[in-house]
Structures are given as structure tokens and as C-alpha cells.
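A short write-up of the structure that comes next.
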Protein chains: 2
Amino acid sequence: MATTRIIDDDRLTAVGLLVEVHRGLTNKFAARLGRHGLSENELEILLRLGRTPNCQLRMSDLAAQTSLTTSGVTRVVDRLERAGLVVRASCDTDRRGTWAVLTDAGLERVTAAVEEHLEDVDRWYTGLLTPEQLNALLEALRIVRDTVRPEAVAGVAEAARARPRIAATSP
Amino acid sequence: MATTRIIDDDRLTAVGLLVEVHRGLTNKFAARLGRHGLSENELEILLRLGRTPNCQLRMSDLAAQTSLTTSGVTRVVDRLERAGLVVRASCDTDRRGTWAVLTDAGLERVTAAVEEHLEDVDRWYTGLLTPEQLNALLEALRIVRDTVRPEAVAGVAEAARARPRIAATSP
DNA sequence: TTCAATATTTTGCGCCGTCAACCATTGTTA
DNA sequence: TAACAATGGTTGACGGCGCAAAATATTGAA
């Protein structure tokens with residue numbers, strides 16, 4: 001008879017597939033990002049800052065968006081600040097808070113990195129799928145994301161309202 | 001005019017979506033797995049052993065399958081062995097190699113863990129999608145997996161040929 | 001046989017991120 | 001106003017994993 005052991009359940013392989021793809025892509029991407037001096041988490045934080053109206057987000061919002069802990073964010077931002085890609089600025093309205101602000105150098109760095117990174121993304125991920133397959137994939141992922149991480153958009157509204165902490169590059 | 005900055009490229013958000021889903025699921029799963037005394041990597045290794053014909057795989061094959069390094073596998077197997085879920089056995093035909101062999105306790109543990117784990121998988125992942133959506137997702141993931149990790153099935157054939165190192169539970 | 005070249009696993013060291021404890025600030029309640 | 005819980009962030013101790021070198025076993029050639 002066919003196997004009916006629980007450890008062969010299809011749902012487990014569905015998880016496994018997701019994990020393998022994630023790890024595989026991460027590994028493929030790591031080399032080139034490393035050449036730009038960035039890790040996956042560092043890139044993500046720079047990207048999120050760059051996409052925010054004034055290029056600034058509070059530490060705790062970064063934590064919520066990235067599913068790093070706040071202490072993890074502290075450390076990543078420490079490194080980025082040491083590298084001159086980010087600066088910390090205190091928050092006028094709530095002196096407990098701290099803005100992480102993308103510097104010009106940071107924006108340049110992430111732009112340069114992404115420029116090459118996109119080749120890899122295309123080569124190992126999006127470019128492998130037909131537009132229909134890609135859309136179906138993203139639709140499914142979005143459904144899952146919205147239930148497992150509904151908080152992934154924290155802080156954007158506040159940051160837009162806040163006054164910029166450094167000369168922003170937005171004209 | 002609309003934004004055309006490179007850091008807003010859709011392909012980046014396609015990566016981001018995958019990463020967010022992976023992290024979100026990992027977090028959701030961690031609590032219950034932790035209650036069974038297993039981490040994600042430990043579960044994966046136990047699963048792969050349990051699915052192999054004689055419940056045994058060589059360390060290097062585990063490394064290839066999991067995209068841990070061999071040293072990572074050494075450490076995970078160390079813990080699993082300390083917990084009595086796995087034993088090491090030397091390889092007759094090539095005494096450089098080492099089999100990691102799932103014990104009966106290991107099979108019980110992983111079975112019990114998976115039994116509950118599947119509820120979470122259903123609740124946060126597979127159960128959120130229609131059968132069509134799930135199939136489309138898996139199809140796309142399989143395409144990407146096959147190009148970024150073609151080596152993910154290492155060692156299964158050899159393990160099936162090798163003689164079992166402990167009383168196997170296969171009748 | 002002996003010695004170099006190769007293959008498999010383990011170990012030393014370091015980085016990265018979590019957890020828990022901590023300090024500073026805010027808001028609330030009296 | 002004082003007291004105190006709640007919030008935001010940082011720090012120290014710790015564990016997991018990767019990298020590279022070491023330890024062990026195997027193969028091939030002189």
C-alpha cells in the first residue's frame with residue numbers, strides 16, 4: 001500500500017519548498033551583496049528607509065517592519081551608522097524615540113547595490129517565471145503575508161508627517 | 001510624474017514578499033516546535049532522515065540537502081544525538097564517512113511534533129489558499145527551487161542501498 | 001611501501017541576532 | 001505634584017551557524 005505516514009504529508013513539503021527557495025535565493029544573492037558591503041538585513045533596512053517619505057523611520061518601526069527585534073535593529077543600525085550610511089537623530093516630539101535617517105551616502109550605496117542585485121533577482125527568481133506564474137505566486141504570497149505579518153507597514157504615516165532630519169534628496 | 005527610482009522596482013518587492021512570508025511563518029511555527037524541543041533546522045534534519053529508506057543519511061548529504069554547511073550539520077546532529085533522537089554510525093564502505101541514523105525516539109518525537117505542527121501549517125499557510133492558488137504557488141516555487149538548489153536530493157539512493165544501522169521501523 | 005593528493009568530518013574563532021535586564025521618557029491616576 | 005505603569009531604545013550574556021584550518025581516512029603513484 002502507499003505510504004500514509006504523517007511525516008510525508010504534502011503540507012510539509014509545501015513548507016519545505018518555501019524554505020528551500022528562500023535559502024537558495026539568499027545564498028545566490030549573498031555574494032554580490034557582500035561585494036557591496038551589505039548583508040540581507042542591512043539591505044532591507046536601507047531599502048525601507050529609502051522608500052519612506054523623508055528617508056527616516058523610528059527604530060521600533062524598523063523592528064516591526066523587518067521582524068527583527070528592537071535590539072537586532074539597534075545592532076544593524078550601529079553597523080550602518082559606523083559605515084556612514086545612516087545617522088541617528090533624536091525625535092523632537094518624543095525624546096525616547098530615535099529616527100534612523102538614510103544619508104546621501106546610504107542612498108547611493110543602496111542604489112548601486114540594487115542596480116546589480118536586480119540582475120541576480122531576475123536571473124534566479126522573477127525571470128524564471130512567466131508573467132502569469134509570477135502573478136499567481138505573488139498573489140498567493142500576499143495572502144499569506146497579510147495574515148502572518150499584518151504589521152509590516154508600521155510607521156510610514158508618522159515618518160511622512162515628521163520633519164526631515166537631514167537634507168533630503170527629494171526635490 | 002510617477003516614481004521611477006530603482007529601489008522601488010517591483011522585483012525587489014517580489015523578493016521582499018517571499019522573505020516576509022518565510023519569516024512570518026517561521027515565527028508562527030517556532031512556538032509550538034519549541035514546545036516539542038525542536039528548532040526549524042532540527043525538525044528539517046529529523047524529517048529528512050525519517051523520509052529516507054533506512055532512516056539514515058551521511059553528514060555531507062544532510063548538508064547538501066539542507067544548505068547548512070557541514071559544520072552546521074555537525075552541530076545540529078550533536079544536539080540531536082545528545083537528546084537521543086539520532087545516533088552516529090560509521091560507514092563500512094568508506095570509513096571517512098558517518099551516517100546520521102534516526103532512533104526510534106527520534107521518529108516518535110518528530111511524528112508527535114509534526115502532528116501538531118500541521119495544524120499551524122494549515123492555519124497560517126496552506127489553509128489560507130484555494131487549491132488552485134496553492135497549486136500555482138507550489139508550481140512556481142518548484143521552478144525556482146530546481147534552478148537555485150538542484151542538489152537538494154543528495155544521497156537518498158546511496159542510503160537506500162546501504163544496510164540499516166539500527167533496527168529500522170520499516171516492516 | 002611510502003608519500004602526496006583528495007575526501008569527510010570536526011574544531012577554533014568570530015559574527016550576528018535573540019533574550020532579559022536596564023535606563024530614560026511619557027502619560028495616567030490620585 | 002508625586003507615584004507608577006507603559007513605551008522606546010540600548011547593553012551584556014549567550015547560542016547558532018559559517019569560514020577556514022586541523023584531524024582522520026582513502027586513493028593513487030612512484
Side-chain angles (χ1 to χ4, degrees), chain A residues 19 22-24 26-31 33-34 37-45 56-83 86-101 151 154-155 158-159 162, chain B residues 19 22-23 26-27 29-31 33-34 37-45 56-83 86-101 151 154-155 158-159 162:
Chain A
V19 172
H22 177 256
R23 290 188 189 164
T26 296
N27 288 339
K28 294 292 184 194
F29 296 160
L33 291 179
L38 297 177
S39 72
E40 192 186 349
N41 279 336
E42 289 160 357
L43 174 68
E44 183 178 0
I45 287 202
Q56 58 186 18
L57 278 169
R58 300 200 25 188
M59 302 294 282
S60 50
D61 293 325
L62 280 172
Q65 291 188 17
T66 55
S67 79
L68 289 174
T69 61
T70 61
S71 97
V73 171
T74 292
R75 261 124 187 166
V76 177
V77 171
D78 279 349
R79 293 197 297 274
L80 293 174
E81 192 166 28
R82 233 175 288 131
V86 159
V87 274
R88 275 177 239 245
S90 61
C91 181
D92 302 331
T93 60
D94 182 347
R95 286 206 305 258
R96 290 169 302 181
T98 308
W99 295 107
V101 190
E151 73 285 9
E158 293 81 344
Chain B
V19 171
H22 176 256
R23 288 189 190 162
T26 297
N27 288 341
F29 296 161
L33 291 179
L38 296 177
S39 73
E40 191 184 351
N41 280 335
E42 289 160 357
L43 175 69
E44 183 178 0
I45 287 203
Q56 57 185 17
L57 278 169
R58 296 193 37 179
M59 302 293 284
S60 48
D61 293 325
L62 279 172
Q65 291 188 16
T66 55
S67 79
L68 289 174
T69 61
T70 61
S71 97
V73 171
T74 293
R75 263 125 185 168
V76 177
V77 171
D78 280 349
R79 294 197 297 274
L80 293 174
E81 193 166 27
R82 233 176 286 130
V86 159
V87 277
R88 276 178 239 244
S90 61
C91 178
D92 301 331
T93 60
D94 182 347
R95 285 206 303 258
R96 288 171 301 187
T98 308
W99 295 109
V101 189
E151 72 285 9
E158 294 81 343

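A note on names: the letters A, B, ... follow the listed sequences, proteins ahead of strands, and every chain is numbered from 1. Nothing here was measured: the structure is a model prediction, and the numbers come from that model.
Among the atoms of the strands shown, base atoms are found under 4.0 Å from some heavy atom of Thr70(B). Across all strands shown, Ser67(B) has heavy atoms under 4.0 Å from sugar-phosphate atoms exclusively, and none from any base.
In this structure, the side chain of Thr74(A) engages the main chain of Thr70(A) through a donor-acceptor pair within 3.5 Å.
The two residues Arg58(B) and Gly97(B) make their nearest non-hydrogen contact at NH2-CA, 3.3 Å.
Distances from the side chain of Arg79(A) to the nucleotides dT26(D), dT26(C), dC16(C) place dC16(C) closest. When the nucleotides dG18(D), dT11(D), dT10(C) are ranked by their closest atom to the side chain of Thr74(B), dT10(C) comes out on top.
Rounded to whole Å, atom C1' of dG16(D) lies 13 Å from atom CG of Leu80(B). Computed from coordinates, the Glu44(A) CD to dG17(C) P distance equals 11 Å when rounded to whole Å. Atoms CG (Leu62(A)) and P (dG9(D)) sit 9 Å apart, rounded to a whole Å. Distance, Leu68(B) CG to dT10(C) P: 14 Å, rounded to whole Å. dT9(C) atom P lies 12 Å from atom CD1 of Ile45(B), rounded to whole Å. Following rounding to the nearest Å, Leu33(B) (CG) and dG16(D) (C1') show an atom-to-atom distance of 17 Å. Note: CZ (Arg88(B)) to P (dT24(D)) measures 15 Å, nearest angstrom. As rounded to whole Å, 10 Å separates atom P of dC15(C) from atom CZ of Arg82(A).
The base of dT9(C) has none of its N or O atoms less than 3.5 Å from a complementary donor or acceptor on the side chain of Arg96(B). The base of dC19(C) sits with one of its N or O atoms less than 3.5 Å from a complementary donor or acceptor on the side chain of Ser71(A). The base of dG18(D) lies outside donor-acceptor range of the side chain of Arg23(A), with no N or O pair under 3.5 Å.
Partner of Val76(A) under the side chain to side chain contact (heavy atoms under 4.5 Å, CB included) criterion, chosen from Val73(A), Asp78(A), Leu80(A): Leu80(A).
Comparing Met59(B) and Arg75(A) along DNA chain C, the residue whose closest nucleotide (by nearest heavy atom) sits nearer the 5' end is Met59(B). For the pair Asp78(B) and Val76(A), nearest-nucleotide mapping onto DNA chain C gives the more 5' position to Asp78(B).
Taking CD of Glu40(B) as the reference point, atom CG of Leu33(B) lies at 8.0 Å (rounded to 0.5 Å).
Within the 4.0 Å cut-off from OP1 or OP2 of dT9(C), at least one side-chain nitrogen or oxygen of Arg58(B) is found. Checking the phosphate oxygens (OP1, OP2) of dA24(C), no side-chain nitrogen or oxygen of Arg95(A) falls inside 4.0 Å. Using a 4.0 Å cut-off, no side-chain N or O of Asn41(B) falls inside it from OP1 or OP2 of dG16(D).
Using a 4.0 Å cut-off between a side-chain N of Lys or Arg and a carboxylate O of Asp or Glu, Arg23(B) and Glu44(A) qualify as a salt bridge.
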